[in-house]
Amino acid sequence: MRLTRRSMLGATAMTVSMTALAACSKDPGNGGSGGSDGGGGEQIASDANDINAKERDELGEGGVLRLANNAFPANWNPFHSDGNERNTSDMLRAIFPLEIWTSNAAGKVTPNPLYTKRLELTSEDPQVMEIELNEGMTWSDGTPIDYKSIENVFKTMDGSKEEYGVASSEGYDKVEKIEQGDSDLVAVITFKEKYADWTGLAAVMPDSLAESADAFNTGWQAEPMVTAGPYKVGKIDAGNKTVLLEPDENWWGDKALLKQVLFTTIEDPAATATSFQNGQLDVIETTVPATYSVVEPMIGDGVSLRKAAGPNWTHITLNGTEGRPLADQAVRQAMFRAIDREEVFLSVNSTMPYPKDTETLNNHLLVTNQEGYQDNAGDLGKYDPDAAKKLLEDAGYTFEDDLATKDGKPIEITYVYNDGSKTNEAVVPVVKEQLAAVGITMKVQKVPPTDLFSKYVIPGEFDLTLFGWVGNPFLSSGDSIWKSEGEQNFGKIGDEETDKLIDQAAIETDPDARLDLINQIDANLWELAGTIPLWQSYDFYVQNDDLANYGAWGFQRPDWTTIGYVEGSAKLDD
């Protein structure tokens with residue numbers, strides 16, 4: 001399998017995961033990911049992962065799985081821009097058909113057997129996709145999951161309903177029509193033009209979510225109003241930021257194995273590690289020293305470290321909106337030369353268990369162990385403070401009292417990040433010092449984790465911010481990050497030439513030709529200087545030895561009907 005059909009999202013700060021929307025999800029960046037030696041050994045293959053895979057008959061029924069996340073959902077609607085976030089997606093997958101396709105560790109995409117009988121192209125010219133759902137499925141409100149559920153997605157997400165705050169319309173805007181097939185479980189989707197990542201568009205949406213802009217935008221802010229998964233919501237406690245899931249007795253598939261799944265929002269990574277150490281959590285995603293140093297001594301004593309070379313990456317987004325300090329491309333390019341990405345990387349990952357000689361990420365669209373990856377950074381990827389100053393001088397800036405000024409006005413920017421993020425706490429002083437060395441003053445603004453995207457990043461109330469993009473198997477799923485008017489282009493940086501290349505790549509079905517276009521796009525993105533790639537974000541999970549089919553996923557999508565504890569585990573008695 002060619003590992004090219006995936007998108008790189010920067011990490012839903014680190015990690016959304018809205019893969020079903022073919023949109024990249026964001027990860028707020030409490031995690032780090034990237035790495036130096038740290039005792040990590042050899043590079044991990046892109047088609048490998050570690051989830052302690054077990055057959056269902058090797059597992060017992062019962063037990064509680066206690067998990068943590070770093071930000072409570074601002075919106076439970078995964079199709080909405082505020083809900084397209086990793087923490088939300090991680091919870092929704094147990095209770096909602098977030099993807100009606102699935103992918104394995106190698107990134108091979110197939111119909112999700114829990115929901116989908118068939119997902120195929122029935123014509124290439126014109127391109128026609130058919131989706132056939134399984135029989136007997138219903139939403140929790142009693143309405144069937146059928147053709148209408150598919151139609152809701154395509155007619156809501158195509159960009160025609162401007163009042164709907166969709167995460168991304170990419171791909172959906174290339175659809176000419178959607179029609180019912182030979183039964184009420186079949187949808188026939190005809191495209192205006194070829195779209196290479198057609199499988200990633202397949203999704204379902206309940207009628208009540210699609211019926212109005214108010215329902216779509218705000219109806220799910222407090223809780224998911226409709227579910228359909230092996231688990232259901234037992235209780236959401238917004239005050240204590242906990243979400244309790246229980247098996248859904250109306251689920252049509254294999255019975256959920258766990259008695260309960262409890263998600264607790266813990267914004268401080270050190271507190272998350274302490275909770276795991278004290279036996280209050282069964283799994284911890286550990287991507288920064290603040291957590292890893294606490295849990296590392298436990299490995300081998302009933303606890304395992306599971307790791308994979310994730311399809312995710314960490315970056316700094318620059319806001320080039322007109323009127324802001326970074327609207328000037330020369331200033332942005334100067335910042336690229338001023339920031340030592342290796343030092344930034346080591347500030348977070350020097351003691352983490354990453355492979356030896358981890359390569360600096362020099363591509364916005366492909367990660368280092370992915371087919372087609374090439375370094376397109378050129379000089380803009382090289383740390384050189386003198387070159388940064390020269391770029392500013394050529395753009396008309398002069399240096400007074402070690403400050404870069406133009407028309408008497410110094411360059412002052414604001415770095416916004418989510419309070420409690422250990423990654424940002426390590427990165428901020430490094431970046432601030434490096435920018436000061438070329439005359440740029442950086443102020444720092446810490447904001448509540450739940451507010452980072454909804455109130456600052458998405459509205460553009462920042463100059464710099466660090467988070468992650470979470471990847472999936474579809475290269476075009478990140479198009480809305482890079483297109484000039486893309487919903488996920490939070491820095492509003494792009495140009496017409498790059499937009500045209502992105503459109504070409506989206507419809508190019510020859511893998512080699514598509515990779516060539518992808519790398520042309522990436523070369524342009526370096527020149528536009530809107531996003532600074534920092535490092536590929538690996539998956540690191542420390543978890544109870546008895547927990548099966550859960551852990552470092554890589555490209556694989558979890559199946560919540562198989563997650564549980566091995567037969568005979570003491571955890572089954574919890």
Side-chain angles (χ1 to χ4, degrees), residues 50-70 72-73 87 89-96 114 223-224 227 229-251 253-286 291-292 294-306 539-553 558-574:
D50 186 2
I51 60 170
N52 192 25
K54 302 286 183 184
E55 296 297 326
R56 186 179 169 88
D57 60 10
E58 298 179 79
L59 308 181
E61 291 187 23
V64 178
L65 177 58
R66 299 162 301 173
L67 304 169
N69 56 39
N70 57 35
F72 198 72
N87 287 312
S89 297
D90 286 348
M91 291 184 276
L92 280 172
R93 284 195 177 93
I95 62 175
F96 189 88
L114 299 178
E223 61 182 321
T227 62
Y231 293 87
K232 64 180 181 180
V233 175
K235 181 180 180 181
I236 294 178
D237 185 341
N240 291 311
K241 297 183 179 180
T242 60
V243 178
L244 180 67
L245 306 183
E246 300 171 342
D248 188 341
E249 63 277 6
N250 295 317
W251 173 246
D254 288 337
K255 180 182 177 182
L257 294 167
L258 296 161
K259 180 173 65 178
Q260 292 179 330
V261 182
L262 177 65
F263 291 89
T264 302
T265 297
I266 307 174
E267 295 170 355
D268 181 357
T272 307
T274 301
S275 294
F276 183 85
Q277 185 183 47
N278 292 340
Q280 297 165 327
L281 296 172
D282 301 301
V283 179
I284 179 174
E285 184 180 10
T286 173
T291 55
Y292 186 70
V294 174
V295 301
E296 190 274 337
M298 303 172 65
I299 296 172
D301 186 15
V303 168
S304 298
L305 169 65
R306 306 201 180 279
D539 297 337
F540 293 111
Y541 286 79
V542 175
Q543 61 191 61
N544 186 286
D545 282 345
D546 291 345
L547 180 61
N549 300 317
Y550 193 96
W553 303 104
D559 177 354
W560 274 93
T561 66
T562 67
I563 295 170
Y565 294 103
V566 296
E567 188 71 60
S569 172
K571 294 294 295 181
L572 295 172
D573 299 326
D574 286 355

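Please read these numbers as outputs of a predicted model, since none were measured by experiment.
- Not a single salt bridge (charged side-chain N to carboxylate O under 4.0 Å, His left out) links E55 to another residue, sequence neighbours left out.
- Proximity of E285 to F540: side-chain heavy atoms (C-beta onward) are nowhere separated by under 4.5 Å.
- Atoms OG and CG, from S304 and D545 in turn, are 3.5 Å apart once rounded to the nearest 0.5 Å.
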Does the side-chain contact (heavy atoms from CB on, under 4.5 Å) test come out yes or no for N544 and V283, once each step is laid out?
-> CA-CA 7 Å; N544 186 286; V283 179; over 6 Å; no

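- Remark: T562 pairs with no residue by the side-chain hydrogen bond (donor to acceptor under 3.5 Å, both in side chains) rule, at least two apart or across chains.
- The side-chain heavy atoms of F72 and I236, taken from C-beta on, include a pair separated by under 4.5 Å.
- Atom NZ of K232 sits about 12.0 Å away from atom CD1 of I95, to the nearest 0.5 Å.
- Considering only heavy atoms from C-beta on, K54 comes within 4.5 Å of V566 through its side chain.
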Should F276 and V542 be marked as a side-chain contact (heavy atoms from CB on, under 4.5 Å) after you check the CA-CA gap, both sets of side-chain angles, and the distance that decides it?
-> CA-CA 9 Å; F276 183 85; V542 175; 3.8 Å; yes

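- Taking both residues in full, the closest heavy atoms of W251 and D254 are given as NE1-O, 3.0 Å, listed atom of the first, atom of the second, then distance.
- For the residue pair D539 and A552, the shortest heavy atom distance occurs at CB-CB, 3.8 Å.
- With sequence neighbours excluded, the residues forming a side-chain hydrogen bond (donor to acceptor under 3.5 Å, both in side chains) with T286 are T291, listed by chain and number.
- The shortest distance between side-chain heavy atoms of V64 and L258 does not fall below 4.5 Å.
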Working for side-chain contact (heavy atoms from CB on, under 4.5 Å), residues Y541 and D50 | CA-CA 9 Å; Y541 286 79; D50 186 2; over 6 Å; no

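- Contact check for P558 versus W553: side-chain heavy atoms found under the 4.5 Å cut-off.
- Listed here is the closest heavy atom pair of G62 and L572: O-CD2, 3.5 Å.
- No side-chain heavy atom of Y231 sits less than 4.5 Å from a side-chain heavy atom of F96.
- With a 4.5 Å cut-off on side-chain heavy atoms, K255 and E61 count as touching.
- Each side chain to side chain donor-acceptor pair (under 3.5 Å) pair with one or both residues in residues 565-574, not counting sequence neighbours, appears once here: D282-Y565, D282-K571, D546-S569, K571-D574.
- The structure places CG of D559 at 12.0 Å from CZ of R93, a figure rounded to the nearest 0.5 Å.
- A search for side-chain hydrogen bond (donor to acceptor under 3.5 Å, both in side chains) contacts involving T264 returns nothing, not counting sequence neighbours.
- For the pair D90 and N69, the minimum side-chain heavy-atom distance is 4.5 Å or more.
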Please list, one pair per line, the donor and acceptor atoms closer than 3.5 Å that link side chains of residues 238-248 to other protein atoms, with sequence neighbours excluded.
unit_1	atom_1	unit_2	atom_2	d
N240	ND2	D237	OD2	2.7
K241	NZ	E267	OE2	2.8
D248	OD1	N250	N	2.9

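- The two residues G551 and I51 make their nearest non-hydrogen contact at N-CG2, 3.9 Å.
- Within a 6.0 Å sphere centred on CG of N278, other residues, nucleotides and ligands contribute more than 12 heavy atoms.
- Summarising the geometry, atom CD belonging to Q280 is positioned 7.5 Å from atom CD1 belonging to I266; distances are rounded to the nearest 0.5 Å.
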Verdict with reasoning, N52 to R306, per side-chain contact (heavy atoms from CB on, under 4.5 Å) = CA-CA 8 Å; N52 192 25; R306 306 201 180 279; 3.5 Å; yes

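- There is a side-chain donor-acceptor pair under 3.5 Å between N70 and N87.
- In this structure, G564 and L59 approach most closely via the heavy-atom pair N-CD1, 4.3 Å.
- For the pair N549 and I563, the tightest heavy-atom approach, listed with the atom from each and the gap, is O-CG1, 3.2 Å.
- Note: L65 CG to L262 CG = 9.0 Å, rounded to the nearest 0.5 Å.
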